[in-house]
Amino acid sequence: MRIQFSKMHGLGNDFMVIDLVTQRMPLHPELIRRLAHRNFGIGFDQLLIVEAPERPDVDFKYRIFNADGSEVEQCGNGVRCFARFVHERHLTKKAKIRVETNSGVVEPEINSNAWVRVNMGEPRFLPDDIPFKAEMLPNKPLPDTYPVEVLGQTVALDVVNMGNPHAVLLVDDVLKAPVEKLGPALESHERFPQRVNVGFMQIVNRGEVRLRVFERGVGETLACGTGACAAAVSGIRRGLLDPEVRVYLAGGPLLIQWQPNEVVWMTGPTATTFEGTFNPYDFYVPEQHEEQ
Ligand SMILES: N[C@H](CCC[C@H](N)C(=O)O)C(=O)O
């Protein structure tokens, strides 16, 4: 049994992309973890699955799994690569497609030089929508940040849901940000019942930020699309940034556009690095491995 896949990335946030419209394969978390391994597997930050639509008003269903095998609601760099993939594999001829995810519908539009502009939907800020444990006083405006105790210190976090949960921390210099220490501690902090992606944002000016993201279920990645959306939206909502922000990540820049009560637009590049085939049973045979 050989499964075809593409290896792709959005600014170095890399993906294994598999078409399960024309192919069939079990999606066991242990298989995903083994495929994600950088030495023993294919190696990726996320696995992206293309499935046939379940609703009449969308073109595809899009499932996302982190390297730790956890299935998640949204992946910004991933949906740009998804759009390129379905074009390259001739699964659609449309420039603009509607894609159903576990957190709603996103609309990527591919243009000539493989850059993709995506309607990422509206951000949500209420603690229950993140989810984030915080007492909310009724009819009180949202605070700029929430004080969170972590590793013996108090940090000021903003929280944004872009379909998936994000915490945003302002830092003076991303290169000196305590990503290795605070990233894991906040990712699994008890106030985030579904864990959280942690963004460290340095504001350069009202139209430019630098960002590092410790991703839920992966660790620090070279870029995070929903993280860039969450960071830019946090800065705009707090009056620190203009409605159009260039977010400079380690892997390169994303353009984020947003105004309150509107959807978030994300624009950025895509790349296919190689195509290949593999046999899932070379990596994981449920009945055999479960006995060990
Ligand atoms: N780690 C994220 C999923 C991938 C997000 C990121 N790769 C992006 O480009 O948005 C989560 O657990 O919610």
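Just follow the structure's listing: the first ligand is 1, and inside any ligand the first atom is 1. Nothing fancy with the numbering, it's 1 onward along the sequence.
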Only pairs under 3.5 Å count here: list side-chain donor-acceptor contacts from residues 248-262, not counting sequence neighbours, and write none if there are none.
{"residue": "Y248", "atom": "OH", "partner": "E208", "partner atom": "OE2", "Å": "3.3"}
{"residue": "Q257", "atom": "OE1", "partner": "R117", "partner atom": "NH2", "Å": "3.2"}
{"residue": "Q257", "atom": "NE2", "partner": "E244", "partner atom": "OE1", "Å": "2.9"}
{"residue": "W258", "atom": "NE1", "partner": "E262", "partner atom": "O", "Å": "2.9"}

Who are the ring pair (Phe, Tyr, Trp, His ring centres under 6.0 Å) partners of F60, not counting sequence neighbours?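 Listed in chain order: F82.
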Does F125 have R237 sitting over its ring (NZ/CZ under 6.0 Å from centre, angle to axis within 45°)?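 So R237 does make the cation-pi contact.
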Is the shortest distance from a Lys or Arg side-chain nitrogen in E187 or R216 to a carboxylate oxygen in the other one below 4.0 Å?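 So E187 does not pair with R216 through a salt bridge.
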Under the 4.5 Å side-chain heavy-atom rule for ILVMFWY, direct or indirect, which residues accompany V263?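 Result for V263 is W265.
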In order of chain and number, which residues sit within 4.0 Å of ligand 1 by heavy atom?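 Residues within 4.0 Å of ligand 1: N13, Q46, N66, V72, Q74, C75, G76, N77, N164, N197, E215, R216, C224, G225, T226.
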Looking at every non-hydrogen atom in both residues, tell me the closest pair between C81 and T270 and how far apart they are.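 It is N-CG2, 3.9 Å.
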